[in-house]
There are 2 protein chains.
Amino acid sequence: MARAATTSDPFNAVAEPRRRQILTFLAGNEHDVTEIVVAVGLDQPSVSKHLGVLRRVGLVRVRRNGRHRLYRTNAQALKPMHDWTESFERFWHHQLQSVKERAERTQAKIDRSGPSRP
Amino acid sequence: MARAATTSDPFNAVAEPRRRQILTFLAGNEHDVTEIVVAVGLDQPSVSKHLGVLRRVGLVRVRRNGRHRLYRTNAQALKPMHDWTESFERFWHHQLQSVKERAERTQAKIDRSGPSRP
DNA sequence: TTGACATATTCCCATATAAGAATGTATTGT
DNA sequence: ACAATACATTCTTATATGGGAATATGTCAA
């Protein structure tokens with residue numbers, strides 16, 4: 001069996017680099033499909049399929065305007081990912097702190113050993 | 001072609017729910033493989049394979065202790081994901097703000113229309 | 001050395017995709 | 001109504017897994 005469907009899991013939907021690229025492009029401003037095609041350098045059907053995935057997991061919203069469809073990133077749908085990664089924040093702080101302290105101890109040792117000589 | 005290899009992209013490595021589960025379990029405390037097997041309810045070979053993926057992308061570190069291998073989450077490797085999602089933070093704030101303002105306008109309209117009646 | 005225990009690796013298979021090509025479907029302008 | 005424009009969908013195919021089973025590797029204890 002393979003992993004959970006990209007169509008139901010934001011983590012999986014975002015695992016595809018092109019889709020991240022699209023989400024970044026659509027953050028802030030609406031764009032129609034043709035503009036997205038130009039921006040990401042993929043053919044139109046591929047873009048439409050990626051947009052379909054993003055739409056099904058709620059990562060983008062669509063609005064119709066004549067024969068154009070205007071897409072934009074629904075940033076709120078990324079908040080769960082942000083929250084999940086954030087739950088590790090205190091650990092990477094710990095680790096960075098450890099590295100820093102070790103470096104300081106090492107430096108102190110060097111200092112105590114007196115001036116370096118050729 | 002399929003997506004970027006799970007072995008080279010942290011986003012993709014984390015797309016698998018079991019691996020997220022493992023990372024959460026290994027955050028803060030070291031655990032050997034048998035403990036992980038019990039914690040996530042998978043068979044040992046599957047766990048070892050997931051750990052292999054996580055190790056190759058740097059999301060976990062290993063330390064050998066006798067015949068045991070102690071794994072722990074390398075939280076720092078999650079920071080890029082945190083940063084990426086965070087770049088959308090101002091947009092979801094905007095959107096939440098819009099929702100809030102619309103609600104307030106609606107409420108004001110209701111208030112102006114006078115007390116409700118049966 | 002032998003055996004038990006802890007892990008990793010390999011092989012096989014079913015499934016999920018992503019890209020590419022071709023085709024279908026609206027919607028607008030004339 | 002008709003052609004053109006803008007997208008979506010379907011079909012096919014090559015590839016990447018994830019799980020299960022079996023097996024290999026490594027390390028400690030007696």
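Values below: all heavy atoms of this structure, side chains included; hydrogens, waters and symmetry mates excluded. Everything numeric in this text was worked out from a predicted model, so none of it was measured.
Phe91(A) is linked by a ring-ring contact (aromatic ring centres under 6.0 Å, His included) to nothing, counting only residues two or more places apart in sequence or in another chain. With sequence neighbours excluded, no residue forms a side-chain hydrogen bond (donor to acceptor under 3.5 Å, both in side chains) with Asn29(B). Partners of Val38(A) under the side-chain contact (heavy atoms from CB on, under 4.5 Å) rule, at least two apart in sequence or in another chain, do not exist in this structure. Shown here are the side-chain hydrogen bond (donor to acceptor under 3.5 Å, both in side chains) partners of Arg63(B), two or more places apart in sequence or in another chain: Glu30(B). Taking the side-chain contact (heavy atoms from CB on, under 4.5 Å) definition, one finds that Val40(A) meets it with Gln21(A), Ile22(A), Ile36(A), Leu42(A), Val47(A), sequence neighbours left out. With sequence neighbours excluded, no residue forms a side-chain hydrogen bond (donor to acceptor under 3.5 Å, both in side chains) with Asn74(A). Not a single side-chain contact (heavy atoms from CB on, under 4.5 Å) links Lys49(B) to another residue, sequence neighbours left out. Under the rule for a side-chain hydrogen bond (donor to acceptor under 3.5 Å, both in side chains), the partners of Glu86(B) that lie at least two apart in sequence or sit in another chain are His82(A). Take Arg67(A) and apply the side-chain contact (heavy atoms from CB on, under 4.5 Å) test, not counting sequence neighbours, and it matches no residue.
As rounded to whole Å, 11 Å separates atom P of dT9(C) from atom CG of Leu51(B). A straight line from CZ of Arg19(B) to C1' of dT17(D) spans 9 Å, rounded to a whole angstrom. Distance, Arg69(B) CZ to dT27(D) P: 8 Å, rounded to whole Å. Rounded to whole angstrom, the span from the CZ atom of Arg63(B) across to the P atom of dG26(D) amounts to 21 Å.
Taking every heavy atom of residues 41-50 of chain A and every atom of DNA chain D, pairs under 4.0 Å involve Gln44(A), Pro45(A), Ser48(A), Lys49(A), by number. A heavy atom lying under 4.0 Å from DNA chain D marks none of the residues of residues 21-38 of chain B.
Proximity note for Glu16(B) (side chain, C-beta onward) versus dA19(C), dG19(D), dA8(C): the nearest is dG19(D). Checking dT7(C), dG19(D), dT9(D) against the side-chain heavy atoms of Arg55(A) singles out dT9(D) as nearest.
For Arg20(A), the CZ atom counts as densely surrounded, since its 6.0 Å shell holds more than 12 non-hydrogen atoms of other residues, nucleotides or ligands.
Taking the six-membered ring for Trp, His31(A) and Phe25(A) have ring centres closer than 6.0 Å.
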Would you tabulate the pairs of protein nitrogen or oxygen atoms and nucleotide nitrogen or oxygen atoms of nucleotides 28-30 of chain C closer than 3.5 angstrom?
{"residue": "dT28(C)", "atom": "O4'", "partner": "Arg67(A)", "partner atom": "NE", "Å": "3.4"}

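Between Tyr71(B) and dA8(C), a side-chain N or O to OP1/OP2 separation shorter than 4.0 Å is present. Look at Arg64(A) and you'll find a side-chain N or O under 4.0 angstrom from OP1 or OP2 of dT27(C). Residue His68(A) has no polar side-chain atom (N or O) positioned under 4.0 Å from OP1 or OP2 of dT27(C).
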